[in-house]
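Throughout, a chain's letter reflects where its sequence line sits, starting with A, and its residues are numbered from 1.
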2 protein chains.
Amino acid sequence: MELEVNDIIDNLAEHNELRITDQRRKIIELLIENRGQHMSAEEIHHLAKKKEQPVALPTIYRTMGILEKKGVISKNDFGGGAAKYELSLGNHHHLICENCGKIIEVSGLLPADLEQRLLAEQGFQSKEQRLKIYGYCRECINKPKKSWPGTQ
Amino acid sequence: MELEVNDIIDNLAEHNELRITDQRRKIIELLIENRGQHMSAEEIHHLAKKKEQPVALPTIYRTMGILEKKGVISKNDFGGGAAKYELSLGNHHHLICENCGKIIEVSGLLPADLEQRLLAEQGFQSKEQRLKIYGYCRECINKPKKSWPGTQ
DNA sequence: ATACCTGCAAATGCTTTGCGGATGG
DNA sequence: CCATCCGCAAAGCATTTGCAGGTAT
């Protein structure tokens, strides 16, 4: 796990003028510790503070911008106000329950030849696919529904 | 075309306590006139003003909220700051060029049995699927790339 | 008549920016 | 040493809200 922080860090520094700072290391560390979670900038800020290594909010936003451009993380808008970030770990997609706000991750929903088809039919070279599916989760499917948006 | 405005209006008023006002009629009119476009609240605001039937921005946001909940429109975040709205006309998806910001609409990208599969495998009842594909369009695929985000 | 709408102005909340001081390479 | 980065405070923007007056039904 500690290894991976360095993997990412090294990769970032490799070709560019990107400096390795305690703040950036800490942010990546937190992203790895919470892999599979969707975290807002504010949540990362709180976690860092709780671990006695506070990182200022503007620094977090600036870092997220860099990491997103590098493809290390992806930024999601689930409709709850603040953007949510997560480590990019393979192409997966999100089922979003409109009743309780739960996010379920799923893979393997897209046809395998999608990228080639788009290139052939549209001349479009795709880098990343994001499928969001809105609906009701197992628990809410038969419950009376409340209104959206609802964060968790 | 004028017919369709009334279709939507009537449909909205049918089961609910929703009033038919000039502002709501105007907004729907503009959405229909610009079908296939992606418009921000601000753009709708400008268009209404230009047509001598101004609608206040808060009213536009409030109306968009209602129309979205009713499924008349869908709200998109393409990363350019403001949300973009469009009439819901069949399930289509968006190719987003990271170089020039162009949005290309495409249909028929998802497996036909997707909804049934999700219900069977996850117990998830899906209402709406939105696939966003980031990459480079035909014109930009060989151009030197600039940085993102760029709106148009 | 009355519940619902609108417009205005102000508030809100996420995100970005300017800047002086700090620091990694 | 110097370009880059950080934290702070303040600004920027899209969106929401409170409220008083207006309007559809």
Audit row: A:Leu18, A:Lys70, side-chain contact (heavy atoms from CB on, under 4.5 Å) steps and yes/no: CA-CA 11 Å; A:Leu18 268 188; A:Lys70 297 289 178 190; 3.9 Å; yes
CD1-NZ distance between B:Ile73 and B:Lys84, expressed to the nearest 0.5 angstrom: 14.0 Å
Test side-chain contact (heavy atoms from CB on, under 4.5 Å) applied to A:Glu42 and A:Ile60, step by step: CA-CA 9 Å; A:Glu42 195 77 44; A:Ile60 293 176; over 6 Å; no
Separation of atom CD in A:Glu68 from atom P in C:dT15, rounded to whole Å: 11 Å
Partner of A:Arg35 under salt bridge (Lys or Arg N to Asp or Glu O under 4.0 Å), chosen from A:Glu4, A:Glu29, A:Glu86: A:Glu4
Close N or O pairs between protein and nucleotides 8-11 of chain C (under 3.5 Å):
none

Side-chain donor or acceptor of A:Lys75 paired with backbone N/O of B:Gly79 under 3.5 Å: no
Contact nearer the 5' end of DNA chain D, comparing B:Lys75 with B:Arg19: B:Lys75
Residue B:Arg24, side-chain heavy atoms: nucleotide from C:dG7, C:dC5, C:dG24 that is nearest: C:dC5
Between P of C:dC5 and CZ of B:Arg25, the distance in whole Å: 15 Å
Under the salt bridge (charged side-chain N to carboxylate O under 4.0 Å, His left out) test, residues paired with B:Glu128 that sit two or more places apart: B:Arg130
side-chain contact (heavy atoms from CB on, under 4.5 Å) assessment of B:Ile28 paired with B:Leu87: CA-CA 9 Å; B:Ile28 293 172; B:Leu87 226 40; 5.9 Å; no
Integer-rounded Å distance: C:dC14 P and A:His45 NE2: 13 Å
Atom pair distance, as rounded to whole Å: CD1 in A:Ile44 and P in C:dT15: 11 Å
Spatial distance of atom CG (B:Leu47) from atom CG (B:Leu30) [nearest 0.5 Å]: 5.5 Å
Pairs flagged by side chain to side chain donor-acceptor pair (under 3.5 Å) wherever residues 51-65 of chain A is involved - sequence neighbours left out: A:Glu33-A:Lys51
Value in whole Å for how far the P atom of C:dT12 lies from CD of A:Glu42: 16 Å
B:Gln23 vs C:dG7: side-chain N/O to OP1/OP2 distance below 4.0 Å: yes
Touch class at under 4.0 angstrom, heavy-atom based, for B:Leu57 against every strand present: nothing
Protein-nucleotide distance (A:Glu43, atom CD; C:dC14, atom P), rounded to Å: 11 Å
Axis-to-axis angle between the two ends of the helix from C:dA1-D:dT25 to C:dG25-D:dC1 (five base pairs per end, rounded to 10 degrees): 40°
Distance in angstrom units between A:Ile9 CD1 and C:dG25 P, rounded: 9 Å
Contact interval (first through last nucleotide) of DNA chain D with protein chain B, 4.0 Å heavy-atom: D:dA14 to D:dT25
Toward the 5' end of DNA chain D, by each residue's nearest nucleotide, B:Tyr61 or B:Asp22: B:Tyr61
Within residues 103-119 of chain B or reaching into it, pairs that qualify as side chain to side chain donor-acceptor pair (under 3.5 Å) - sequence neighbours excluded: B:His38-B:Glu105, B:His92-B:Glu105, B:His94-B:Glu105
Short side-chain to backbone donor-acceptor contact, A:Arg25 and A:Ile9, under 3.5 Å: no
A:Leu12/A:Leu67 under side-chain contact (heavy atoms from CB on, under 4.5 Å): CA gap, chis, key distance, verdict: CA-CA 9 Å; A:Leu12 286 179; A:Leu67 294 180; 3.6 Å; yes
